[in-house]
Amino acid sequence: METGTWKVKTGLAQMLKGGVIMDVVTPEHAKIAEEAGACAVMALERVPADIRAAGGVARMADPTVIEAIMKAVSIPVMAKCRIGHFVEAQALEALGVDYIDESEVLTPADEAYHVWKHDFKVPFVCGCRDLGEALRRIGEGAAMIRTKGEAGTGNIVEAVRHMRAVMDGIRKLVSTPQEELMAKAKEMGAPFALVEELHKSGKLPVVNFAAGGVATPADAALMMQLGADGVFVGSGIFKSSNPEPRAKAIVKATTHYQDPKIIAEVSKKLGEAMPGLDIKQIPSEELLASRGW
Amino acid sequence: MRIGVLAVQGAFAEHIAALEKLEVEALPVRLPAELLGLDGLVIPGGESTSISRLLSDYDLAGGIKNLAERDLAIMGTCAGMILLARESADPKVKPLGLMDIRVKRNAFGRQIESFEAELAIPALGEKPFPGVFIRAPIIEQASDGVETLCQLDSSTIVAARQERLLAAAFHPELTDDLRFHKYFVDIVNGSKS
C-alpha cells in the first residue's frame, strides 16, 4: 500500500474534471457550494476581489478557517499557499487539505523559486499563462494546472488569453519535428523530457482547469469549449447579488457546455454578476498574473 | 455493442478511452435521450455529491432506474459505486438504490490517505490487479445476492457484482490494465452469467 504517488495525485484532479471548484470563506459558503454541486471548494480568508481591494500582503488563510470548512463539507477542500512559501505548504499538508494551490493571488514569498512540490504527499495545482510555464510547474511536481487569468476582476479576457496560449503551444509542439524539440524546449524554458512527452502524446500530462475571471455560466462554458477540463470560480459566485442560483447555474453550464439551449436557460434571472474590472485600468504592478515565472 | 458513460462530472473520458481500446463503441451521456439504445452504462469516478445533483436535473436518475429495471448492465467505479448503492451512510448523496450494498464515503480518509495497492481479484485471473484508491469508499455491508469480487481485509469489500451490476471502490480507468472493463463488457454480452 503506497500513499502520495504521482498516480493518486494526478488521479484526484482527474476526478474533479467537468466540475466547478468554488472559492469560499466560511463554512456556510462551503455548504452552499456543495449543495450547488461544486466538485471541490477552495478555503480562503478573503476572495480574490477583496484581496485585491485590501492590498498589502496576502498570506495563507488562518488554519481555523480552513479546518471549519473541512468539517462543514465532504467534498475535497483546497487551500492556497504563497508562491515559494514551502512552510505554508507544509502547514497545509499537516492540516490535511486535499489539494494545495501555490497561488499568485497571494503575495509571493520567493521571487526566484517555486515550491519543490515532489517533496509533498499532498498534490499541488499551479497557475500558468502559457505552455512553457505549465510544463515548468509540472516539472516541479504540480499534479494539476490552471490558467492564471486575472483573479478578482470578473473579467474573462485573461483566462481566455492563457487557455488559448496553452492550447496553441500544444498544437505547435505536436507538429514540431523531433530534431527541433531541444531548441523549442530552450525557447519555452520547459523541461525537455516533458516537451518530448507532450510532442508524442499530444496532450498535457495533468488536468488543466480554467481560473481567473469566471463570473457567468457562459464564461464557464466558454472556457470548457476552449479546452479546459473544468473551472475554478473565485469571486464570481459570492461577490454576485445571488450566489446560490448562480453557483448552480455555473455547475450546470460546465456539464452542458456544448448545449447552447441549456446555457441560455440557466443564464436567466441570476441577478447582478460580480462588479467587473477592465484589465487596462489596472496598473501593471497590481496585475496578479505576472507573479511567478 | 454500445456502452454509455455518464458524463455529467468526473473521469468519464478515461472510461471511454478504456472501452474504445476494447473496441467497444462508447458514448458520453449527459441527457436522458442519450440513454436510448445502450447495452450498458458506466457511472465513473468523480464527486458523488456533484454527480448526484446533476443526475436529478432533467430526471437523468429516473431514466437510469427505468433502464436498470429492464436489465441494463451498469458498472460504477468509486463515486459510481456510491451511486449504485441501496444505501449511503451520508445523507448528502442520493444513491440510485440499484444494488443491495451499503457504502461508506471517504472510508480511508482525506487525499493524503489515497493509495495504490495490488489487488487479488480471482474473477480476473491470478495476476494482481493495480488498485488506485482516491478518497475511496468501501462496501460496508452486502446482501446475500451480492458476490464479493475483492476485499482488502475481512471487513472491507472493494469490488462486488450483483447480476448485471458491477461496482469497484477503485479506478480501473486510471490504469493500463483492461481486465476489469473486459469483465464488464462480458457481463453486457451476457456471456458471464
Side-chain angles (χ1 to χ4, degrees), chain A residues 1-21 31 33-41 70 73-78 92-100 120-123 143 203 207 229-230 247-248 251-252 254-259 261-262 265-266, chain B residues 6-15 17 28 30-31 44-58 60 77-80 82 88-93 105-106 108-119 130-137 152 170-171 173-176:
Chain A
M1 214 183 254
E2 203 185 345
T3 58
T5 61
W6 183 245
K7 179 84 92 186
V8 300
K9 287 175 169 182
T10 53
L12 178 56
Q14 285 171 280
M15 297 310 135
L16 300 174
K17 286 198 295 183
V20 181
I21 301 169
K31 283 178 189 161
E34 182 173 57
E35 188 53 41
C39 65
V41 290
M70 285 165 66
V73 294
S74 60
I75 54 179
V77 175
M78 302 183 163
L92 291 173
E93 182 174 58
L95 287 173
V97 303
D98 297 292
Y99 240 92
I100 296 176
F120 290 78
K121 278 199 169 179
V122 61
K203 57 186 179 57
V207 164
D229 291 317
K248 282 184 184 156
V251 169
K252 263 193 180 181
T254 303
T255 292
H256 299 284
Y257 68 94
Q258 291 159 312
D259 194 326
K261 277 188 187 153
I262 293 180
E265 190 58 40
V266 302
Chain B
L6 188 69
V8 296
Q9 194 272 321
F12 48 87
E14 289 78 353
H15 276 291
R30 293 184 176 89
L31 292 169
E47 270 311 307
S48 52
T49 50
S50 190
I51 297 175
S52 156
R53 296 296 177 282
L54 288 157
L55 275 179
S56 62
D57 294 341
Y58 313 107
L60 203 43
T77 59
C78 195
I82 296 169
S88 156
D90 185 341
K92 283 174 187 163
V93 179
R105 294 179 67 206
N106 301 336
F108 301 92
R110 308 194 70 96
Q111 170 63 12
I112 38 177
E113 311 296 337
S114 292
F115 63 97
E116 291 184 69
E118 294 210 324
L119 303 175
V132 182
F133 292 81
I134 297 172
R135 289 171 46 96
L152 287 180
F170 49 91
H171 293 283
E173 78 281 9
L174 296 186
T175 72
D176 295 326

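For the numbers below, each heavy atom of this structure counts, side chains included, while hydrogens, waters and symmetry mates do not. What you see is a predicted model, and the numbers here were worked out from it, not measured in a lab. Letters A, B, ... mirror the listed sequences (proteins, then strands); counts begin at 1.
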Whatever's closer than 4.5 Å to a heavy atom in chain A on B/Ala13 counts as side chain
Turns out that what part of B/Ile112 lies under 4.5 Å from chain A's heavy atoms comes down to both
Are the side chain of A/Thr3 and the backbone of B/Ser114 linked by a donor-acceptor contact shorter than 3.5 Å? no
If one checks every heavy atom of B/Phe133 against chain A at 4.5 Å, the contacting part turns out to be backbone
- Check against side-chain contact (heavy atoms from CB on, under 4.5 Å), B/Arg53 and A/Val251: CA-CA 10 Å; B/Arg53 296 296 177 282; A/Val251 169; over 6 Å; no
Honestly, the part of B/Val8 sitting under 4.5 Å from a heavy atom of chain A is both
Most contact-rich option vs chain B, by heavy-atom pairs under 4.5 angstrom, among A/Gly37, A/Gly18, A/Ala38, A/Ala40, is A/Gly37
- Query: Is the backbone N or O of A/Ile75 less than 3.5 Å from a side-chain atom of B/Lys92, with the two atoms forming a donor-acceptor pair by type?
  - Reply: no
Bottom line for B/Leu54: the part with an atom under 4.5 Å from chain A's heavy atoms is side chain
Comparing A/Ser74, A/Pro123, A/Gly96 against chain B, the one with the most heavy-atom pairs below 4.5 Å turns out to be A/Ser74
Under 4.5 Å to a heavy atom of chain A? For B/Arg105 that would be side chain
| With no hydrogens and no angle check, is any side-chain donor or acceptor of B/Gln9 less than 3.5 Å from a backbone partner on A/Met15? | yes
Bottom line for A/Gln258: the part with an atom under 4.5 Å from chain B's heavy atoms is side chain
dist B/Ile134:CD1 -> A/Thr10:OG1 (nearest 0.5 Å) comes out at 7.0 Å
When the 4.5 angstrom heavy-atom criterion is applied to A/Val20 and chain B, the contacting part is neither
Counting heavy-atom pairs under 4.5 angstrom with chain A, the leader among B/Asp57, B/Asn106, B/Val132 is B/Asp57
Note: vs chain B, highest number of non-hydrogen pairs under 4.5 angstrom among A/Lys121, A/Glu35, A/Glu93, A/Lys248 is A/Glu35
Interatomic distance, CZ@B/Arg30 vs CD1@A/Ile262, rounded to 0.5 Å, equals 10.0 Å
Donor-acceptor pair, A/Glu2 side chain versus B/Ala117 backbone, under 3.5 Å?
no
Is it true that a side-chain atom of B/Gln111 and a backbone atom of A/Val8 form a donor plus acceptor pair closer than 3.5 Å? yes
query: With side chains defined as the heavy atoms from C-beta onward, is the minimum distance between B/Leu31 and A/His256 less than 4.5 Å?
result: yes
Okay, B/Glu113 and chain A: the region with an atom under 4.5 Å from a heavy atom over there is backbone
Whatever's closer than 4.5 Å to a heavy atom in chain A on B/Glu14 counts as side chain
Cut-off 4.5 Å, heavy atoms of chain B, and the answer for A/Asp259 is side chain
| query | Do A/Glu34 and B/Thr49 have a side chain donor and acceptor closer than 3.5 Å? | reply | no
In this structure, CE of A/Met1 is separated from CZ of B/Phe108 (nearest 0.5 Å) by 6.0 Å
